[in-house]
Amino acid sequence: QVQLVESGGGLVQAGGSLRLSCAASGRTGATFNTYAMGWFRQAPGKEREVVAAISWSGSRTYYPNSVKGRFTISEDNAKNTVYLQMNSLRPEDTAVYYCAAREGASVPSSYLEWDYWGQGTQVTVSS
């Protein structure tokens, strides 16, 4: 079992930045680098969508067009932590942001294919 705990959400004005962190524990440590990691978000009334994902090796990343060039995913394997740097935030980025993990090399965009989830952290962008 893998436990994920997000932090770093909050209220920010449009154009501002936030950095989210996700600390992983459980079946990690030496095996953390065998998990793909991702960040998803869900706004009220909308389906959960991926905003960034990184392969277990760190060699591949994925961003949808809606955040490409503004969001960056990174990880620190020594700390079992993955980050999401969000710049140039827009009101439409307002959502609950979730950290996710899955075993294996691929980084699918569908939330249905991810195995472990954090509790979520609220990000609110005011106009």
Side-chain angles (χ1 to χ4, degrees):
Q1 191 71 17
V2 173
Q3 292 82 44
L4 304 171
V5 179
E6 303 99 334
S7 60
L11 173 64
V12 64
Q13 288 189 331
S17 298
L18 279 176
R19 188 177 81 155
L20 306 182
S21 299
C22 173
S25 61
R27 285 180 56 195
T28 54
T31 60
F32 182 67
N33 61 0
T34 64
Y35 287 84
M37 302 297 296
W39 285 96
F40 290 73
R41 68 185 180 189
Q42 188 165 21
K46 294 189 176 181
E47 190 169 88
R48 192 169 295 190
E49 62 175 357
V50 65
V51 295
I54 188 167
S55 62
W56 66 267
S57 66
S59 62
R60 287 183 291 132
T61 56
Y62 169 79
Y63 303 95
N65 288 336
S66 58
V67 307
K68 196 173 293 184
R70 300 188 299 122
F71 290 12
T72 303
I73 188 170
S74 61
E75 57 186 7
D76 185 334
N77 286 349
K79 296 182 178 180
N80 289 342
T81 301
V82 63
Y83 304 96
L84 182 68
Q85 179 67 44
M86 303 185 294
N87 299 327
S88 302
L89 283 162
R90 306 167 180 169
E92 54 263 40
D93 294 318
T94 296
V96 177
Y97 283 69
Y98 297 90
C99 177
R102 72 184 304 274
E103 295 186 68
S106 63
V107 286
S109 59
S110 171
Y111 71 93
L112 297 173
E113 298 188 60
W114 291 75
D115 304 313
Y116 305 101
W117 294 90
Q119 82 287 352
T121 184
Q122 177 70 46
V123 171
T124 303
V125 184
S126 63
S127 57

Q) Using a distance-only test with no angle check, is there a side-chain donor-acceptor pair under 3.5 angstrom linking R102 and S106? A) yes
Q | Sidechain-backbone polar pair: S59 side chain, S57 backbone, donor-acceptor under 3.5 Å | A | no
**Q.** For the student: nearest non-hydrogen atoms of C99 and E6, plus distance
**A.** N-OE2, 2.7 Å
Q: Kindly work out whether a path of hydrophobic side-chain contacts (I/L/V/M/F/W/Y, heavy atoms less than 4.5 Å apart) joins Y63 to W39.
A: yes
Q.
Tell me the closest heavy-atom pair linking S55 and E75, and the distance in Å.
A. O-OE2, 3.9 Å
Q.
Please give me the minimum heavy-atom distance between A101 and L4, naming the atom from each residue.
A. N-CD1, 3.8 Å
Q.
Would a single hydrophobic cluster contain both V50 and W117, if residues Ile, Leu, Val, Met, Phe, Trp and Tyr are joined by side-chain heavy-atom contacts under 4.5 Å?
A. yes
Q | Atom pair OH (Y35) and CG (N80), whose distance is rounded to the nearest 0.5 Å | A | 10.5 Å
Q | Heavy-atom side-chain contact between R41 and L84 under 4.5 Å | A | no
Q. Please walk me through it: do K79 and S21 pass side chain to side chain contact (heavy atoms under 4.5 Å, CB included)?
A. CA-CA 11 Å; K79 296 182 178 180; S21 299; over 6 Å; no
Q: Could you tell me the separation between the CG atom of L11 and the CD atom of Q122, rounded to the nearest 0.5 Å?
A: 9.5 Å
Q.
For residues M37 and Y116: do they belong to one hydrophobic cluster (side chain heavy atoms under 4.5 Å, members Ile, Leu, Val, Met, Phe, Trp, Tyr)?
A. yes
(Q) Ignoring hydrogens, what is the shortest heavy-atom contact between I73 and I54? Give both atom names and the distance. (A) CD1-CG2, 3.7 Å
Q: Heavy atoms only: give me the nearest V125-D93 pair and the separation to one decimal.
A: CG2-CB, 4.3 Å
**Q.** Closest approach of A14 to S127 (non-hydrogen atoms, all atoms of both residues)
**A.** CB-CA, 4.4 Å
Q: Quick one: pull up CE in M86 and CZ in R70 and give me the separation to the nearest 0.5 Å.
A: 9.5 Å
Q: Output every pair passing ring pair (Phe, Tyr, Trp, His ring centres under 6.0 Å) with a member in residues 66-115, not counting sequence neighbours, ordered by first then second residue.
A: F40-W114
Q.
Is there a path of hydrophobic side-chain contacts, each under 4.5 Å between heavy atoms of I/L/V/M/F/W/Y residues, joining V107 to V2?
A. no
Q) Is V51 linked to L18 within one hydrophobic cluster, defined over Ile, Leu, Val, Met, Phe, Trp and Tyr using a side-chain heavy-atom separation of less than 4.5 Å? A) yes
Q: Kindly compute the distance separating CZ (R19) from OG (S17), expressed to the nearest 0.5 Å.
A: 12.0 Å
